[in-house]
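A short worksheet on the structure shown next.
The figures here come from the full heavy-atom set of this structure, side chains too, leaving out hydrogens, waters and symmetry mates.
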Amino acid sequence: MTVQESMLLADLVEDLPQAVRLQRLVGRLRTHFRCGAVALLHLEEDHLRPVAIDGLVRDALGRRFAVGQHPRLAAILARRGVTRFHHDSTLPDPYDGLIDEHAGEPLPVHDCMGTSLQVEGRPWGVLTLDALQVGSFDEASQAELDAFIVIVEAAIRMTRMEAEIRALRLTRGDSPERGPVRDEAEILGQSEAIGLLLHELVVVADTELPVLLLGETGVGKELFAHRLHRLSRRRNQPMVHVNCAALPESLAESELFGHVKGAFSGAVSARPGRFEAADGGTLFLDEVGELPLAVQAKLLRALQNGEIQRLGADAPRRVDVRIIAATNRVLRDHVRDGSFRADLYHRLSVYPIPIPPLRERGNDVLLLAGRFLELNRARLGLRSLRLSPNAESALRQYGWPGNVRELEHVISRAALKAMSRGVNRNDIVTLEADLLDLEQRSLPAPHPENPATAETAAVSAPLSLRHAVDDYQRELIQRALAGNDGNWARSAQQLELDASNLHKLARRLGVKD
(Lines give C-alpha, C1' and ligand atoms only; values in the text may rest on other atoms or scores of the structure.)
Protein backbone atom coordinates (compact mmCIF):
# COMPACT_ATOMS: atom_id res chain seq x y z
CA MET A 1 0.00 0.00 0.00
CA THR A 2 1.37 3.42 -0.96
CA VAL A 3 1.65 6.35 1.42
CA GLN A 4 -1.16 8.18 -0.39
CA GLU A 5 -3.45 5.13 -0.21
CA SER A 6 -2.81 4.91 3.54
CA MET A 7 -3.60 8.60 4.00
CA LEU A 8 -6.79 8.31 1.95
CA LEU A 9 -7.94 5.35 4.03
CA ALA A 10 -7.15 7.29 7.22
CA ASP A 11 -9.33 10.15 5.99
CA LEU A 12 -12.25 7.74 5.58
CA VAL A 13 -12.38 6.92 9.29
CA GLU A 14 -11.62 10.45 10.51
CA ASP A 15 -14.55 12.65 11.54
CA LEU A 16 -14.37 15.34 8.84
CA PRO A 17 -16.90 17.76 7.30
CA GLN A 18 -18.03 16.66 3.86
CA ALA A 19 -16.30 19.50 2.01
CA VAL A 20 -13.01 18.90 3.85
CA ARG A 21 -13.08 15.13 3.20
CA LEU A 22 -13.57 15.54 -0.54
CA GLN A 23 -11.07 18.39 -0.77
CA ARG A 24 -8.42 16.28 0.94
CA LEU A 25 -9.22 13.48 -1.47
CA VAL A 26 -8.54 15.48 -4.63
CA GLY A 27 -5.50 17.17 -3.04
CA ARG A 28 -3.87 13.85 -2.15
CA LEU A 29 -4.57 12.45 -5.62
CA ARG A 30 -2.99 15.50 -7.24
CA THR A 31 0.11 15.09 -5.08
CA HIS A 32 0.37 11.38 -5.85
CA PHE A 33 0.05 11.75 -9.61
CA ARG A 34 2.08 15.04 -9.74
CA CYS A 35 -0.44 16.53 -12.17
CA GLY A 36 -1.80 20.01 -12.81
CA ALA A 37 -5.37 19.50 -11.60
CA VAL A 38 -7.80 16.97 -10.16
CA ALA A 39 -11.58 17.42 -10.11
CA LEU A 40 -14.46 15.46 -8.64
CA LEU A 41 -17.75 16.08 -10.48
CA HIS A 42 -21.23 14.90 -9.51
CA LEU A 43 -23.74 13.91 -12.21
CA GLU A 44 -26.99 15.89 -11.91
CA GLU A 45 -29.47 15.10 -14.68
CA ASP A 46 -27.64 16.09 -17.89
CA HIS A 47 -24.67 17.99 -16.42
CA LEU A 48 -21.69 17.48 -14.13
CA ARG A 49 -21.21 19.77 -11.12
CA PRO A 50 -17.73 20.15 -9.56
CA VAL A 51 -17.88 19.34 -5.84
CA ALA A 52 -14.12 19.43 -5.14
CA ILE A 53 -11.21 20.72 -7.22
CA ASP A 54 -7.47 21.10 -6.77
CA GLY A 55 -5.38 22.99 -9.29
CA LEU A 56 -8.20 24.62 -11.28
CA VAL A 57 -9.12 28.31 -11.18
CA ARG A 58 -11.61 29.26 -8.47
CA ASP A 59 -14.48 29.94 -10.86
CA ALA A 60 -14.46 26.27 -11.95
CA LEU A 61 -16.54 25.40 -8.87
CA GLY A 62 -19.35 27.56 -10.22
CA ARG A 63 -19.36 25.98 -13.69
CA ARG A 64 -21.80 23.33 -14.83
CA PHE A 65 -20.49 21.00 -17.55
CA ALA A 66 -23.25 19.73 -19.83
CA VAL A 67 -22.32 16.14 -20.70
CA GLY A 68 -23.56 16.49 -24.27
CA GLN A 69 -21.26 19.48 -24.87
CA HIS A 70 -18.05 17.95 -23.48
CA PRO A 71 -17.07 14.77 -25.35
CA ARG A 72 -14.21 13.86 -22.99
CA LEU A 73 -16.47 13.94 -19.95
CA ALA A 74 -19.10 11.98 -21.88
CA ALA A 75 -16.52 9.34 -22.83
CA ILE A 76 -15.30 8.99 -19.22
CA LEU A 77 -18.86 8.73 -17.93
CA ALA A 78 -19.88 6.15 -20.54
CA ARG A 79 -17.55 3.35 -19.43
CA ARG A 80 -16.56 1.67 -16.21
CA GLY A 81 -12.87 1.99 -15.40
CA VAL A 82 -10.17 4.47 -16.38
CA THR A 83 -10.25 6.34 -19.68
CA ARG A 84 -7.00 7.93 -20.87
CA PHE A 85 -6.76 10.41 -23.77
CA HIS A 86 -3.65 10.62 -25.94
CA HIS A 87 -1.92 14.01 -25.84
CA ASP A 88 -2.86 14.72 -29.48
CA SER A 89 -6.53 13.83 -29.03
CA THR A 90 -8.75 16.13 -31.07
CA LEU A 91 -11.46 16.12 -28.40
CA PRO A 92 -11.46 19.47 -26.55
CA ASP A 93 -10.75 19.34 -22.81
CA PRO A 94 -13.28 21.14 -20.57
CA TYR A 95 -10.41 22.57 -18.50
CA ASP A 96 -8.40 24.13 -21.33
CA GLY A 97 -7.02 27.42 -19.98
CA LEU A 98 -8.36 26.74 -16.47
CA ILE A 99 -5.38 25.10 -14.76
CA ASP A 100 -4.51 27.44 -11.90
CA GLU A 101 -0.70 27.31 -11.96
CA HIS A 102 -0.82 28.75 -15.46
CA ALA A 103 -3.95 30.87 -15.06
CA GLY A 104 -2.15 33.84 -16.58
CA GLU A 105 -1.54 31.87 -19.77
CA PRO A 106 -4.37 30.31 -21.77
CA LEU A 107 -2.67 26.91 -22.13
CA PRO A 108 -4.44 23.77 -23.38
CA VAL A 109 -4.39 20.51 -21.44
CA HIS A 110 -2.05 17.92 -22.96
CA ASP A 111 -2.60 14.81 -20.86
CA CYS A 112 -5.94 13.75 -19.40
CA MET A 113 -7.41 10.67 -17.79
CA GLY A 114 -10.44 10.01 -15.67
CA THR A 115 -12.82 7.43 -14.38
CA SER A 116 -16.55 7.10 -13.91
CA LEU A 117 -17.77 6.63 -10.34
CA GLN A 118 -20.70 4.64 -8.99
CA VAL A 119 -22.49 4.59 -5.66
CA GLU A 120 -24.79 1.68 -4.83
CA GLY A 121 -24.56 0.47 -8.41
CA ARG A 122 -25.71 3.76 -9.93
CA PRO A 123 -23.69 6.38 -11.82
CA TRP A 124 -22.56 9.13 -9.41
CA GLY A 125 -20.14 11.19 -11.51
CA VAL A 126 -16.52 11.31 -12.62
CA LEU A 127 -13.01 11.93 -11.35
CA THR A 128 -10.67 13.71 -13.79
CA LEU A 129 -6.91 14.31 -13.79
CA ASP A 130 -5.27 16.82 -16.14
CA ALA A 131 -1.72 17.88 -16.88
CA LEU A 132 -0.03 20.44 -19.11
CA GLN A 133 3.05 18.27 -19.66
CA VAL A 134 2.97 15.57 -22.35
CA GLY A 135 3.57 12.09 -20.94
CA SER A 136 2.36 12.83 -17.41
CA PHE A 137 0.03 9.82 -17.57
CA ASP A 138 1.16 6.41 -18.83
CA GLU A 139 -0.14 2.88 -18.48
CA ALA A 140 1.27 2.63 -14.96
CA SER A 141 -0.62 5.83 -13.97
CA GLN A 142 -3.78 4.38 -15.47
CA ALA A 143 -3.40 1.21 -13.39
CA GLU A 144 -2.74 3.25 -10.24
CA LEU A 145 -5.87 5.34 -10.76
CA ASP A 146 -7.88 2.16 -11.28
CA ALA A 147 -6.68 0.96 -7.87
CA PHE A 148 -7.82 4.23 -6.26
CA ILE A 149 -11.40 3.95 -7.56
CA VAL A 150 -12.64 1.83 -4.64
CA ILE A 151 -11.28 4.37 -2.12
CA VAL A 152 -12.79 7.34 -3.97
CA GLU A 153 -16.19 5.67 -4.14
CA ALA A 154 -15.96 4.78 -0.43
CA ALA A 155 -15.28 8.45 0.39
CA ILE A 156 -18.34 9.47 -1.62
CA ARG A 157 -20.51 6.91 0.16
CA MET A 158 -19.23 8.20 3.49
CA THR A 159 -20.15 11.81 2.70
CA ARG A 160 -23.54 10.67 1.40
CA MET A 161 -24.26 8.83 4.67
CA GLU A 162 -23.21 11.88 6.68
CA ALA A 163 -25.57 14.07 4.61
CA GLU A 164 -28.45 11.66 5.29
CA ILE A 165 -27.69 11.74 9.02
CA ARG A 166 -27.73 15.55 9.00
CA ALA A 167 -31.07 15.48 7.18
CA LEU A 168 -32.52 13.19 9.85
CA ARG A 169 -31.27 15.52 12.57
CA LEU A 170 -33.01 18.43 10.87
CA THR A 171 -36.32 16.57 10.80
CA ARG A 172 -35.95 16.06 14.57
CA GLY A 173 -35.31 19.77 15.08
CA ASP A 174 -31.58 19.56 15.79
CA SER A 175 -29.44 22.58 14.89
CA PRO A 176 -27.93 22.31 11.39
CA GLU A 177 -24.28 22.90 10.69
CA ARG A 178 -23.14 26.22 9.38
CA GLY A 179 -20.77 26.29 6.49
CA PRO A 180 -20.42 26.42 2.71
CA VAL A 181 -23.63 25.30 1.04
CA ARG A 182 -24.51 24.69 -2.59
CA ASP A 183 -28.16 24.66 -3.41
CA GLU A 184 -29.83 22.48 -6.04
CA ALA A 185 -31.54 25.57 -7.47
CA GLU A 186 -28.24 27.28 -8.26
CA ILE A 187 -27.73 29.24 -5.07
CA LEU A 188 -23.95 29.32 -5.43
CA GLY A 189 -21.81 30.52 -2.57
CA GLN A 190 -19.09 29.66 -0.08
CA SER A 191 -18.91 33.01 1.72
CA GLU A 192 -19.76 33.38 5.40
CA ALA A 193 -22.59 35.76 4.51
CA ILE A 194 -24.34 33.21 2.29
CA GLY A 195 -23.67 30.37 4.73
CA LEU A 196 -25.30 32.27 7.59
CA LEU A 197 -28.26 33.17 5.39
CA LEU A 198 -28.87 29.59 4.31
CA HIS A 199 -28.66 28.48 7.93
CA GLU A 200 -31.25 31.10 8.87
CA LEU A 201 -33.56 29.87 6.11
CA VAL A 202 -33.39 26.34 7.54
CA VAL A 203 -34.31 27.65 10.99
CA VAL A 204 -37.38 29.60 9.87
CA ALA A 205 -38.55 27.33 7.03
CA ASP A 206 -40.36 24.81 9.21
CA THR A 207 -42.35 27.46 11.06
CA GLU A 208 -45.59 28.90 9.72
CA LEU A 209 -44.41 32.49 10.20
CA PRO A 210 -44.69 34.98 7.34
CA VAL A 211 -41.24 35.83 6.00
CA LEU A 212 -40.19 39.12 4.41
CA LEU A 213 -37.14 38.86 2.15
CA LEU A 214 -35.30 42.18 1.92
CA GLY A 215 -32.64 42.99 -0.61
CA GLU A 216 -31.44 45.12 -3.46
CA THR A 217 -32.42 44.52 -7.07
CA GLY A 218 -30.79 41.43 -8.54
CA VAL A 219 -29.78 39.58 -5.35
CA GLY A 220 -31.97 36.57 -6.17
CA LYS A 221 -34.85 36.91 -3.72
CA GLU A 222 -37.00 34.51 -5.74
CA LEU A 223 -34.39 31.73 -5.45
CA PHE A 224 -34.31 32.08 -1.69
CA ALA A 225 -38.11 32.08 -1.53
CA HIS A 226 -38.18 28.78 -3.42
CA ARG A 227 -35.58 27.34 -1.07
CA LEU A 228 -37.72 28.34 1.93
CA HIS A 229 -40.69 26.52 0.41
CA ARG A 230 -38.65 23.37 -0.34
CA LEU A 231 -37.39 23.25 3.25
CA SER A 232 -40.85 23.76 4.74
CA ARG A 233 -43.48 21.19 5.72
CA ARG A 234 -45.49 22.47 2.74
CA ARG A 235 -42.85 21.32 0.25
CA ASN A 236 -45.21 18.83 -1.43
CA GLN A 237 -47.91 21.47 -1.90
CA PRO A 238 -47.95 24.22 -4.55
CA MET A 239 -45.90 27.40 -4.40
CA VAL A 240 -47.62 30.20 -6.30
CA HIS A 241 -45.58 33.20 -7.44
CA VAL A 242 -47.25 36.62 -7.80
CA ASN A 243 -45.30 39.56 -9.21
CA CYS A 244 -47.16 42.40 -7.51
CA ALA A 245 -45.43 45.02 -9.67
CA ALA A 246 -46.96 43.46 -12.81
CA LEU A 247 -50.54 43.43 -11.50
CA PRO A 248 -52.69 46.18 -13.06
CA GLU A 249 -54.33 48.11 -10.23
CA SER A 250 -57.81 47.44 -11.63
CA LEU A 251 -57.24 43.67 -11.69
CA ALA A 252 -55.03 43.17 -8.62
CA GLU A 253 -57.90 42.21 -6.30
CA SER A 254 -59.35 39.71 -8.77
CA GLU A 255 -55.93 38.15 -9.44
CA LEU A 256 -55.23 37.60 -5.74
CA PHE A 257 -58.66 36.71 -4.40
CA GLY A 258 -60.66 35.65 -7.48
CA HIS A 259 -64.09 36.79 -8.63
CA VAL A 260 -67.60 35.47 -9.22
CA LYS A 261 -69.47 35.49 -12.51
CA GLY A 262 -70.69 39.00 -13.36
CA ALA A 263 -68.50 40.71 -10.73
CA PHE A 264 -67.33 43.14 -13.40
CA SER A 265 -67.55 43.68 -17.12
CA GLY A 266 -65.90 40.71 -18.82
CA ALA A 267 -66.28 38.32 -15.84
CA VAL A 268 -68.21 35.72 -17.85
CA SER A 269 -67.44 32.95 -15.36
CA ALA A 270 -66.23 32.53 -11.80
CA ARG A 271 -62.47 32.35 -11.36
CA PRO A 272 -60.38 31.43 -8.29
CA GLY A 273 -57.49 33.71 -7.38
CA ARG A 274 -53.87 33.05 -6.45
CA PHE A 275 -54.70 32.51 -2.78
CA GLU A 276 -56.98 29.59 -3.61
CA ALA A 277 -54.39 28.21 -6.04
CA ALA A 278 -51.87 28.21 -3.17
CA ASP A 279 -54.24 26.66 -0.61
CA GLY A 280 -52.24 24.25 1.54
CA GLY A 281 -48.97 25.62 0.18
CA THR A 282 -47.03 28.86 -0.13
CA LEU A 283 -47.87 32.18 -1.77
CA PHE A 284 -44.83 34.21 -2.80
CA LEU A 285 -45.64 37.93 -3.12
CA ASP A 286 -42.72 39.40 -5.04
CA GLU A 287 -42.33 43.21 -4.90
CA VAL A 288 -45.09 43.37 -2.30
CA GLY A 289 -44.48 47.11 -1.85
CA GLU A 290 -46.18 47.70 -5.21
CA LEU A 291 -49.64 46.55 -4.05
CA PRO A 292 -52.40 49.21 -4.11
CA LEU A 293 -53.68 50.33 -0.70
CA ALA A 294 -57.15 48.90 -1.28
CA VAL A 295 -55.71 45.44 -1.92
CA GLN A 296 -53.39 45.74 1.07
CA ALA A 297 -56.42 45.88 3.40
CA LYS A 298 -57.79 42.61 1.99
CA LEU A 299 -54.35 41.01 2.17
CA LEU A 300 -54.18 41.94 5.85
CA ARG A 301 -57.51 40.21 6.47
CA ALA A 302 -56.24 37.06 4.78
CA LEU A 303 -53.15 37.08 6.98
CA GLN A 304 -55.09 37.73 10.18
CA ASN A 305 -58.08 35.44 9.72
CA GLY A 306 -57.09 33.00 7.00
CA GLU A 307 -60.09 34.22 4.99
CA ILE A 308 -60.48 35.68 1.51
CA GLN A 309 -63.50 36.94 -0.35
CA ARG A 310 -63.84 36.67 -4.09
CA LEU A 311 -64.70 39.91 -5.84
CA GLY A 312 -68.50 40.15 -5.99
CA ALA A 313 -69.06 37.26 -3.56
CA ASP A 314 -71.18 37.52 -0.41
CA ALA A 315 -69.39 34.99 1.78
CA PRO A 316 -65.69 34.58 2.65
CA ARG A 317 -63.67 31.43 2.01
CA ARG A 318 -61.13 29.78 4.31
CA VAL A 319 -57.61 29.31 2.94
CA ASP A 320 -54.49 27.78 4.46
CA VAL A 321 -51.59 29.69 2.93
CA ARG A 322 -48.12 30.57 4.15
CA ILE A 323 -46.92 33.98 2.93
CA ILE A 324 -43.40 34.73 1.76
CA ALA A 325 -43.04 38.33 0.60
CA ALA A 326 -40.10 40.15 -0.98
CA THR A 327 -39.22 43.75 -1.71
CA ASN A 328 -36.31 45.94 -2.76
CA ARG A 329 -38.08 48.97 -1.29
CA VAL A 330 -37.66 50.39 2.20
CA LEU A 331 -41.18 49.64 3.41
CA ARG A 332 -40.72 51.68 6.59
CA ASP A 333 -40.45 54.80 4.45
CA HIS A 334 -43.64 53.88 2.62
CA VAL A 335 -45.41 53.34 5.94
CA ARG A 336 -44.37 56.84 6.97
CA ASP A 337 -45.57 58.45 3.74
CA GLY A 338 -48.86 56.51 3.86
CA SER A 339 -48.38 54.40 0.72
CA PHE A 340 -48.08 51.15 2.69
CA ARG A 341 -50.23 50.08 5.64
CA ALA A 342 -48.40 49.93 8.96
CA ASP A 343 -50.45 46.96 10.21
CA LEU A 344 -49.72 44.99 7.04
CA TYR A 345 -46.03 45.83 7.28
CA HIS A 346 -45.87 44.45 10.81
CA ARG A 347 -47.75 41.32 9.77
CA LEU A 348 -45.44 40.63 6.84
CA SER A 349 -42.23 41.41 8.68
CA VAL A 350 -42.70 38.95 11.54
CA TYR A 351 -39.43 37.41 10.35
CA PRO A 352 -37.47 39.75 8.05
CA ILE A 353 -34.48 38.19 6.28
CA PRO A 354 -31.96 40.50 4.57
CA ILE A 355 -30.35 38.99 1.45
CA PRO A 356 -26.68 40.08 1.33
CA PRO A 357 -25.66 42.08 -1.74
CA LEU A 358 -22.99 40.61 -3.99
CA ARG A 359 -20.31 43.05 -2.79
CA GLU A 360 -20.56 41.49 0.70
CA ARG A 361 -20.07 37.93 -0.55
CA GLY A 362 -16.32 37.99 -1.21
CA ASN A 363 -15.11 35.43 -3.74
CA ASP A 364 -18.65 34.21 -4.45
CA VAL A 365 -18.51 36.62 -7.38
CA LEU A 366 -16.00 34.28 -9.06
CA LEU A 367 -18.15 31.17 -8.52
CA LEU A 368 -21.10 32.96 -10.07
CA ALA A 369 -18.91 34.28 -12.88
CA GLY A 370 -17.83 30.70 -13.61
CA ARG A 371 -21.46 29.69 -13.99
CA PHE A 372 -22.13 32.49 -16.47
CA LEU A 373 -18.85 31.88 -18.33
CA GLU A 374 -19.78 28.26 -19.01
CA LEU A 375 -23.31 29.23 -20.10
CA ASN A 376 -21.91 31.75 -22.58
CA ARG A 377 -19.21 29.36 -23.79
CA ALA A 378 -21.91 26.86 -24.71
CA ARG A 379 -24.23 29.51 -26.13
CA LEU A 380 -21.53 30.93 -28.42
CA GLY A 381 -20.01 27.59 -29.38
CA LEU A 382 -16.56 28.38 -27.97
CA ARG A 383 -13.90 25.84 -27.05
CA SER A 384 -13.06 27.64 -23.82
CA LEU A 385 -14.04 30.91 -22.13
CA ARG A 386 -12.07 32.17 -19.16
CA LEU A 387 -11.14 35.28 -17.16
CA SER A 388 -7.71 36.83 -17.03
CA PRO A 389 -6.23 37.51 -13.55
CA ASN A 390 -6.88 41.24 -14.09
CA ALA A 391 -10.50 40.53 -14.97
CA GLU A 392 -10.91 38.43 -11.82
CA SER A 393 -9.48 41.29 -9.77
CA ALA A 394 -11.86 43.76 -11.42
CA LEU A 395 -14.86 41.57 -10.59
CA ARG A 396 -13.83 41.32 -6.93
CA GLN A 397 -13.27 45.06 -6.55
CA TYR A 398 -16.44 46.28 -8.26
CA GLY A 399 -19.40 47.48 -6.16
CA TRP A 400 -22.17 45.59 -8.09
CA PRO A 401 -25.17 47.90 -7.69
CA GLY A 402 -27.18 45.46 -9.83
CA ASN A 403 -25.87 42.41 -7.96
CA VAL A 404 -26.04 38.91 -9.50
CA ARG A 405 -28.26 40.01 -12.39
CA GLU A 406 -25.73 42.71 -13.31
CA LEU A 407 -22.87 40.19 -13.12
CA GLU A 408 -24.70 37.90 -15.55
CA HIS A 409 -25.18 40.77 -18.00
CA VAL A 410 -21.53 41.89 -17.64
CA ILE A 411 -20.19 38.42 -18.47
CA SER A 412 -22.59 37.96 -21.40
CA ARG A 413 -21.76 41.39 -22.82
CA ALA A 414 -18.00 40.78 -22.47
CA ALA A 415 -18.26 37.44 -24.26
CA LEU A 416 -20.13 39.07 -27.15
CA LYS A 417 -17.54 41.85 -27.34
CA ALA A 418 -14.79 39.24 -27.55
CA MET A 419 -16.64 37.56 -30.42
CA SER A 420 -17.04 40.88 -32.21
CA ARG A 421 -13.25 41.27 -32.21
CA GLY A 422 -12.93 38.22 -34.43
CA VAL A 423 -11.78 35.50 -32.05
CA ASN A 424 -11.42 31.95 -33.29
CA ARG A 425 -14.05 29.68 -31.73
CA ASN A 426 -11.44 26.90 -31.46
CA ASP A 427 -9.07 29.06 -29.40
CA ILE A 428 -9.05 29.56 -25.64
CA VAL A 429 -10.86 32.90 -25.35
CA THR A 430 -9.72 35.07 -22.44
CA LEU A 431 -11.86 37.96 -21.20
CA GLU A 432 -9.63 40.86 -20.14
CA ALA A 433 -10.68 43.52 -17.65
CA ASP A 434 -11.34 46.13 -20.36
CA LEU A 435 -13.98 43.86 -21.96
CA LEU A 436 -15.93 43.86 -18.70
CA ASP A 437 -16.33 47.64 -18.93
CA LEU A 438 -16.24 48.08 -15.14
CA GLU A 439 -15.15 51.27 -13.46
CA GLN A 440 -15.26 51.78 -9.72
CA ARG A 441 -18.18 53.81 -8.45
CA SER A 442 -19.69 54.65 -5.10
CA LEU A 443 -21.50 51.69 -3.61
CA PRO A 444 -25.29 51.89 -3.28
CA ALA A 445 -26.66 53.57 -0.17
CA PRO A 446 -27.09 51.22 2.79
CA HIS A 447 -30.50 49.55 2.94
CA PRO A 448 -32.04 50.80 6.23
CA GLU A 449 -33.80 47.47 6.74
CA ASN A 450 -30.56 45.51 6.17
CA PRO A 451 -28.14 46.01 9.10
CA ALA A 452 -25.39 44.05 7.39
CA THR A 453 -25.45 46.39 4.43
CA ALA A 454 -25.44 49.47 6.64
CA GLU A 455 -22.40 48.24 8.55
CA THR A 456 -20.26 47.30 5.57
CA ALA A 457 -21.17 49.79 2.84
CA ALA A 458 -18.31 52.10 1.89
CA VAL A 459 -17.29 54.48 -0.87
CA SER A 460 -14.80 53.23 -3.44
CA ALA A 461 -12.71 55.09 -6.00
CA PRO A 462 -13.91 58.44 -7.45
CA LEU A 463 -16.52 58.27 -10.16
CA SER A 464 -15.82 58.78 -13.83
CA LEU A 465 -17.97 61.42 -15.56
CA ARG A 466 -19.92 58.71 -17.34
CA HIS A 467 -20.77 56.86 -14.13
CA ALA A 468 -21.56 60.10 -12.31
CA VAL A 469 -24.13 60.88 -15.03
CA ASP A 470 -25.50 57.31 -14.84
CA ASP A 471 -25.87 57.55 -11.07
CA TYR A 472 -27.62 60.91 -11.29
CA GLN A 473 -30.04 59.59 -13.94
CA ARG A 474 -30.69 56.50 -11.84
CA GLU A 475 -31.46 58.64 -8.80
CA LEU A 476 -33.86 60.86 -10.76
CA ILE A 477 -35.74 57.86 -12.15
CA GLN A 478 -36.02 56.22 -8.73
CA ARG A 479 -37.28 59.47 -7.20
CA ALA A 480 -39.87 59.89 -9.95
CA LEU A 481 -41.10 56.31 -9.54
CA ALA A 482 -41.30 56.67 -5.76
CA GLY A 483 -43.27 59.92 -6.11
CA ASN A 484 -45.68 58.34 -8.60
CA ASP A 485 -46.25 55.06 -6.76
CA GLY A 486 -44.24 53.15 -9.33
CA ASN A 487 -46.32 54.38 -12.26
CA TRP A 488 -43.99 54.45 -15.29
CA ALA A 489 -46.24 56.55 -17.52
CA ARG A 490 -46.58 59.37 -14.96
CA SER A 491 -42.86 59.17 -14.19
CA ALA A 492 -42.04 59.53 -17.90
CA GLN A 493 -44.23 62.64 -18.10
CA GLN A 494 -42.56 64.13 -15.03
CA LEU A 495 -39.09 63.49 -16.49
CA GLU A 496 -40.20 64.77 -19.91
CA LEU A 497 -39.23 61.51 -21.60
CA ASP A 498 -40.99 59.20 -24.01
CA ALA A 499 -42.25 56.19 -22.00
CA SER A 500 -40.44 53.64 -24.19
CA ASN A 501 -37.17 55.58 -23.88
CA LEU A 502 -37.58 55.69 -20.09
CA HIS A 503 -37.98 51.90 -20.00
CA LYS A 504 -34.85 51.42 -22.12
CA LEU A 505 -32.82 53.81 -19.98
CA ALA A 506 -34.06 52.17 -16.76
CA ARG A 507 -33.01 48.74 -18.01
CA ARG A 508 -29.53 49.98 -18.93
CA LEU A 509 -29.11 51.58 -15.51
CA GLY A 510 -30.35 48.50 -13.66
CA VAL A 511 -33.49 50.21 -12.31
CA LYS A 512 -35.73 47.77 -14.19
CA ASP A 513 -35.24 44.10 -15.05
Side-chain angles (χ1 to χ4, degrees), residues 23 26-27 30 35-39 50 52-65 92-110 112 128 130-133 180 188-191 194 358-378 380 382-400 402-404 406-441 443 460-461 464 467:
Q23 193 58 44
V26 295
R30 184 185 175 199
C35 58
V38 176
I53 59 173
D54 194 300
L56 294 177
V57 295
R58 186 186 296 270
D59 72 53
L61 273 176
R63 296 181 182 239
R64 301 293 177 264
F65 298 97
D93 193 283
Y95 311 129
D96 280 346
L98 302 182
I99 292 186
D100 196 25
E101 61 184 287
H102 287 276
E105 307 169 54
L107 299 178
V109 172
H110 286 296
C112 170
T128 62
D130 290 270
L132 296 174
Q133 184 177 350
L188 297 175
Q190 291 185 325
S191 63
I194 208 71
L358 186 55
R359 62 182 173 278
E360 294 178 10
R361 293 177 54 182
N363 284 323
D364 283 357
V365 65
L366 296 183
L367 296 185
L368 291 159
R371 176 74 176 118
F372 301 136
L373 285 165
E374 181 62 21
L375 285 173
N376 281 279
R377 183 209 63 76
L380 298 174
L382 300 172
R383 171 187 176 184
S384 175
L385 186 62
R386 61 188 290 276
L387 296 170
S388 72
N390 286 338
E392 288 186 354
S393 179
L395 292 180
R396 281 194 292 257
Q397 293 172 15
Y398 184 61
W400 298 111
N403 292 287
V404 179
E406 183 184 7
L407 172 63
E408 180 180 9
H409 294 164
V410 163
I411 297 295
S412 299
R413 186 166 57 244
L416 289 172
K417 284 184 180 179
M419 291 294 294
S420 71
R421 296 183 180 183
V423 300
N424 188 324
R425 294 178 189 268
N426 294 319
D427 289 342
I428 297 172
V429 178
T430 302
L431 301 182
E432 297 291 347
D434 67 302
L435 283 173
L436 302 176
D437 194 25
L438 299 178
E439 294 182 40
Q440 290 305 303
R441 65 179 71 182
L443 299 183
S460 59
S464 68
H467 283 123

By side chain to side chain contact (heavy atoms under 4.5 Å, CB included) - contacts of Glu432 (at least two apart):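 If we apply the side chain to side chain contact (heavy atoms under 4.5 Å, CB included) test to Glu432, skipping adjacent residues, the hits are Ser388, Thr430, Asp434.
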Student check: side-chain heavy atoms of [X] and [Y] closer than 4.5 Å:
X	Y	value
Leu368	Leu358	yes
Asp100	Val57	yes
Trp400	Leu438	yes
Asp59	Glu392	yes
Glu406	His409	no
Leu188	Arg64	yes

Interatomic spacing from [atom1] in [X] to [atom2] in [Y] - rounded to 0.5 Å:
X	Y	atom1	atom2	value
Thr128	Leu56	OG1	CG	7.0 Å
Asp93	Ile99	CG	CD1	7.5 Å
Leu373	Leu385	CG	CG	5.0 Å
Arg63	Leu375	CZ	CG	10.0 Å
Leu435	Asn390	CG	CG	12.0 Å
Asp96	Leu98	CG	CG	7.5 Å

Listed partners of [X] passing salt bridge (Lys or Arg N to Asp or Glu O under 4.0 Å), at least two apart:
X	value
Asp130	none
Arg58	none
Arg361	Asp364

Under 3.5 Å, sequence neighbours excluded: what are the donor-acceptor pairs made by side chains of residues 410-426?
from   : atom 1 : to     : atom 2 : distance (Å)
Ser412 : OG     : Asn376 : OD1    : 3.4
Ser412 : OG     : Asn376 : ND2    : 3.3
Ser412 : OG     : Glu408 : O      : 3.0
Ser420 : OG     : Lys417 : O      : 2.6
Asn424 : OD1    : Asn426 : N      : 2.8
Arg425 : NH1    : Leu380 : O      : 2.1

Taking ring pair (Phe, Tyr, Trp, His ring centres under 6.0 Å) as the test, write out the residues that go with Tyr95, two or more places apart.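 Tyr95 satisfies ring pair (Phe, Tyr, Trp, His ring centres under 6.0 Å) with Phe65 once adjacent residues are dropped.
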Looking at every heavy atom in both [X] and [Y], which two are closest together, and how far apart are they?
X	Y	value
Ala391	Leu431	CB-O, 3.3 Å
Leu436	Ala394	CD1-CB, 4.4 Å
Ile194	Gly189	CG2-C, 3.6 Å
Ala131	Cys35	CB-CB, 4.3 Å

Say whether, by atom type as modelled, one donor and one acceptor occur between the side chain of Arg383 and the main chain of Ile428 under 3.5 angstrom.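 Such a contact is absent between Arg383 side chain and Ile428 backbone.
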